[in-house]
**Student:** 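The structure is given below, and queries will be raised subsequently.
What you see is a predicted model; the values in this text were computed from it and never measured.
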Amino acid sequence: MNCNLPKITYPRLRTLLLVTICEAITPKTDVEAGNFSIDDPDFEQKLSGLQPFSQKSVLKKVKNQTSLALYRSSIGLQLGAESMQIREKITSQVVHFFQSLQSNLASADIESILLRDLTISTTNIGLVEFEFGEWAIAHWLQAVLQACLAEPDFNSAFSANRVPSENPQVFFCQYCYARCSALLRLTSPSILIGQTVELWLTDKKLQLGQERSLIMQIIETLDEWEDETPLKSAIALSETFLHFYQTCQIVKHDTIDPQIAHCRLALVMITHWLLKQLLERGLGVFAPETL
């Protein structure tokens, strides 16, 4: 875990699923668990063997061309490796827990919104799949954007050397950060203040096309915020941003739909904030506004 990176105040999608899966399979009393109690005598020992639940083997993000946030869990296979009956019971309990949770969610907080727009299914080999809908992703992106807008300017105490790095990989990330800064100077980020989640949606669907790769990378960057090395995360985000920058019209946005222009600007702002944290707090190097 990189302790220098700031604590994220909105839910990370993978962490939200991991916590809920943990709640679903935690041993309960017969009254609490009903027909979905797990009676395997070795269950608690197997459960303790999987802690902490942040380990990547429990839940993995699936790369998919049509889905922005698809995750697959092998929790049933791992805890029920020696018994198909136990495996099926664990899988059923996880699915039932999520479905019961969804039917009782009434609050308007971001976690409830995310869980309500979540599709849960199982595969024929006992995996559980979770797919967040585009409505959920739009709300999540708006929560991330608002956090970036509210974040005060951070003057790094980690970088005494205020010049670009000689490390070519680090310099590449600094270059991409400077590109974000230049785009924000040429546009008006203030137009995003006060925007609602409708910024991202048309008829309850994410309207973005070419931008999906950057959205998926932002999700992955935050999913791995405390587990991946800052340099690896910064490189992956920078590479995806550079492709976005080269293929999407951002500055001369008067020639495209204003809502799409605002969405692209919001993605630049989110990327700018993430790279700043990864460079200055994570790596302890200068995040240059210009090169």
**Student:** How are the rings of Tyr71 and Phe132 set to each other: parallel, tilted or perpendicular (split at 30° and 60°)?
**Tutor:** perpendicular
**Student:** Could you tell me whether the side chain of Glu280 and the main chain of Ala287 form a donor-acceptor pair under 3.5 Å?
**Tutor:** yes
**Student:** With side chain to side chain contact (heavy atoms under 4.5 Å, CB included) as the test, would you mind laying out the steps for Leu283 and Leu278 before giving the verdict?
**Tutor:** CA-CA 6 Å; Leu283 295 171; Leu278 290 167; 5.8 Å; no
**Student:** Is Lys61 paired with Glu224 through a side-chain N to carboxylate O contact shorter than 4.0 Å?
**Tutor:** no
**Student:** For the pair Ser107 and Ser112, evaluate side chain to side chain donor-acceptor pair (under 3.5 Å) and give the outcome as yes or no after the intermediate values.
**Tutor:** CA-CA 6 Å; Ser107 61; Ser112 296; 2.7 Å; yes
**Student:** Could you check whether the rings of Phe244 and Phe241 sit parallel, tilted or perpendicular, using 30° and 60° as the cut-offs?
**Tutor:** tilted
**Student:** If you look at every heavy atom in Leu77 and Gly126, which pair is closest and at what distance?
**Tutor:** CG-O, 4.3 Å
**Student:** Just do the side chain to side chain contact (heavy atoms under 4.5 Å, CB included) check on Leu275 and Cys176 with the steps written out, would you?
**Tutor:** CA-CA 8 Å; Leu275 283 176; Cys176 289; 4.3 Å; yes
**Student:** Is Ser233 reaching over with its side chain to a backbone N or O of Pro230, donor-acceptor style, under 3.5 angstrom?
**Tutor:** no
**Student:** Specify the closest pair of heavy atoms between Glu289 and Arg185, including all atoms of both residues, with the distance to one decimal.
**Tutor:** O-NH1, 3.0 Å
**Student:** What distance do Thr221 atom OG1 and Leu274 atom CG have between them, rounded to the nearest 0.5 Å?
**Tutor:** 6.5 Å
**Student:** Check whether any side-chain N or O of Gln102 sits under 3.5 Å from a backbone N or O of Leu118 as a donor-acceptor pair, and report yes or no.
**Tutor:** yes
**Student:** Check ring-ring contact (aromatic ring centres under 6.0 Å, His included) between Phe98 and all other residues, then give those that pass, not counting sequence neighbours.
**Tutor:** Phe130
**Student:** For side chain to side chain contact (heavy atoms under 4.5 Å, CB included), just list the numbers for Phe172 and Leu242, CA-CA rounded to whole Å, side-chain angles, deciding distance to a tenth of an Å, and then say yes or no.
**Tutor:** CA-CA 10 Å; Phe172 170 67; Leu242 192 60; 3.7 Å; yes
**Student:** Do you know which two heavy atoms are closest between Gln259 and Glu198, and how far apart they sit?
**Tutor:** NE2-O, 2.6 Å
**Student:** Please assess Glu134 against Arg212 for the test salt bridge (charged side-chain N to carboxylate O under 4.0 Å, His left out), listing each intermediate value before the final yes or no.
**Tutor:** CA-CA 11 Å; Glu134 296 192 348; Arg212 294 177 76 88; 3.2 Å; yes
**Student:** Enter the distance from Ile191:CD1 to His262:NE2 here, rounded to the nearest 0.5 Å.
**Tutor:** 3.0 Å
**Student:** Between Glu111 and Tyr10, do the side chains contain a donor N or O and an acceptor N or O under 3.5 Å apart?
**Tutor:** no
**Student:** Measure the spacing between SG of Cys180 and CH2 of Trp273 and express it to the nearest 0.5 Å.
**Tutor:** 13.5 Å
**Student:** Please walk me through it: do Ile137 and Leu141 pass side chain to side chain contact (heavy atoms under 4.5 Å, CB included)?
**Tutor:** CA-CA 6 Å; Ile137 297 302; Leu141 284 167; 4.0 Å; yes
**Student:** State the OG1-CG distance between Thr187 and Leu192, to the nearest 0.5 angstrom.
**Tutor:** 8.0 Å
**Student:** Nearest 0.5 angstrom please: Leu214 CG to Ile219 CD1, how far?
**Tutor:** 10.0 Å
**Student:** Can you give me the closest heavy-atom contact between Gln217 and Leu237, atom names plus distance?
**Tutor:** CG-CA, 3.8 Å
**Student:** What distance separates Leu149 CG from Gln142 CD, expressed to the nearest 0.5 Å?
**Tutor:** 8.0 Å
